[in-house]
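Here is the structure we will look at.
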Amino acid sequence: QVQLVESGGGLVQAGGSLRLSCAASRSIASFNRMGWYRQPPGKQRELVAEMASGLSTNYTDSVKGRFGIWRDIAENTVYLQMDRLKPEDTAVYYCRVQDHFSYWGQGTQVTVSS
């Protein structure tokens with residue numbers, strides 16, 4: 001079992017930046033996949049960025065070149081740097097980690113004003 005706590009969301013103007021953090025209650029070294037998802041208002045949850053245990057990364061097309069995902073093993077934390085934010089990035093952002101099971105955080109709201 002692991003608890004995930006996201007932070008770093010908020011209100012930002014278009015073109016601005018935010019850094020999301022996902023702090024785990026235990027070591028993240030054993031997880032074979034870590035990722036960030038988002039759920040825009042009235043829409044389904046979608047993958048934003050993910051990282052495999054081998055450190056390969058994958059991004060949805062709409063955020064490529066603007067978002068970056070990485071992990072800090074010492075801090076048991078997964079990060080998502082979001083630059084050049086757009087109003088369409090507005091959503092609740094969720095962290096997910098996987099080993100034999102899948103664990104989700106509670107979500108953090110990101111609102112981008114035009």
Side-chain angles (χ1 to χ4, degrees):
Q1 190 64 267
V2 62
Q3 282 74 49
L4 303 173
V5 178
E6 297 105 332
S7 61
L11 174 64
V12 64
Q13 288 189 333
S17 297
L18 286 173
R19 178 177 294 181
L20 304 184
S21 300
C22 173
S25 58
R26 64 172 176 85
S27 173
I28 61 173
S30 63
F31 293 113
N32 53 36
R33 193 168 296 274
M34 293 154 281
W36 287 93
Y37 292 71
R38 67 186 179 188
Q39 187 163 16
K43 297 184 179 181
Q44 291 187 332
R45 193 174 298 188
E46 62 180 3
L47 174 67
V48 176
E50 64 179 352
M51 169 181 285
S53 58
L55 302 183
S56 63
T57 57
N58 178 47
Y59 299 89
T60 193
D61 286 345
S62 63
V63 308
K64 286 180 180 177
R66 299 189 297 122
F67 290 12
I69 183 173
W70 75 97
R71 66 178 185 178
D72 188 318
I73 296 294
E75 296 185 354
N76 295 330
T77 301
V78 182
Y79 295 96
L80 183 70
Q81 178 68 36
M82 306 186 295
D83 297 323
R84 301 193 302 279
L85 282 160
K86 303 176 181 180
E88 51 264 43
D89 295 319
T90 294
V92 178
Y93 283 71
Y94 298 89
C95 174
R96 180 189 186 190
V97 298
Q98 296 172 259
D99 47 22
H100 299 292
F101 302 97
S102 179
Y103 305 95
W104 292 88
Q106 82 289 350
T108 185
Q109 177 69 47
V110 172
T111 302
V112 185
S113 63
S114 57

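Scanning both residues, Ala24 and Val2, for their nearest heavy atoms gives CB-CG2, 4.0 Å. The two residues Ala14 and Pro87 come nearest to each other via the heavy atoms CB-CD, 4.1 Å. Nearest heavy atom pair, residue Pro40 against residue Glu46, reads CG-OE2, 4.4 Å. Gly107 and Val92 get closest at one heavy-atom pair: CA-CG1, 3.9 Å. The nearest pair of heavy atoms linking Met82 to Leu85 is CB-CD2, 3.8 Å. The two atoms that bring Gly65 and Arg84 nearest to each other are O-NH2, 2.6 Å, heavy atoms only.
Within the structure, disulfide (SG to SG under 2.5 Å) contacts touching residues 81-114 (residues at least two apart or in different chains) are Cys22-Cys95. Legend: disulfide (SG to SG under 2.5 Å) pairs involving residues 31-83, not counting sequence neighbours: none detected. Listed by first and then second residue, the disulfide (SG to SG under 2.5 Å) pairs involving residues 32-71 amount to none (not counting sequence neighbours). Within the structure, no pair that satisfies the disulfide (SG to SG under 2.5 Å) test touches residues 49-92, not counting sequence neighbours. Legend: ring-ring contact (aromatic ring centres under 6.0 Å, His included) pairs involving residues 42-98, not counting sequence neighbours, sorted by first then second residue: Trp70-Tyr79.
Residues satisfying the side-chain hydrogen bond (donor to acceptor under 3.5 Å, both in side chains) criterion with Lys43, sequence neighbours excluded, are absent altogether. Gln39 pairs by the side-chain hydrogen bond (donor to acceptor under 3.5 Å, both in side chains) definition with nothing, not counting sequence neighbours. When the salt bridge (Lys or Arg N to Asp or Glu O under 4.0 Å) test is applied to Arg33, the partners found at least two apart in sequence or on another chain are Glu50. Gln98 pairs by the side-chain hydrogen bond (donor to acceptor under 3.5 Å, both in side chains) definition with nothing, not counting sequence neighbours. Residues meeting the side chain to side chain contact (heavy atoms under 4.5 Å, CB included) test with Asp99, sequence neighbours left out: Arg26, Phe31, Phe101, Tyr103. Partners of Asp89 under the side-chain hydrogen bond (donor to acceptor under 3.5 Å, both in side chains) rule, at least two apart in sequence or in another chain, are Arg38, Arg66. With sequence neighbours excluded, the residues forming a side chain to side chain contact (heavy atoms under 4.5 Å, CB included) with Ala29 are Ser27, Ile73, listed by chain and number.
Between atom CD of residue Gln81 and atom CG of residue Leu20 there is a gap of 8.5 Å, rounded to the nearest 0.5 Å. In this structure, Arg71 CZ and Met51 CE are separated by 6.5 Å, a value rounded to the nearest 0.5 Å. If you take OG on Ser62 and NZ on Lys86, they are separated by 7.5 Å, rounding to the nearest 0.5 Å. Summarising the geometry, atom CG belonging to Asp72 is positioned 7.5 Å from atom CD1 belonging to Ile28; distances are rounded to the nearest 0.5 Å. To the nearest 0.5 angstrom, Gln109 atom CD is 7.5 Å from Thr90 atom OG1. A distance of 9.5 Å separates CG of Leu80 from CG of Leu18, quoted to the nearest 0.5 Å.
At a threshold of 4.5 Å between non-hydrogen side-chain atoms, the residues Arg45 and Trp104 count as touching. For the pair Thr60 and Leu47, the minimum side-chain heavy-atom distance is 4.5 Å or more.
The closest donor-acceptor contact from the side chain of Thr108 to the backbone of Gly9 lies under 3.5 Å.
Placement of Val63 and Trp36 within a single hydrophobic cluster is found when ILVMFWY residues are connected by side-chain heavy-atom separations under 4.5 Å, directly or transitively.
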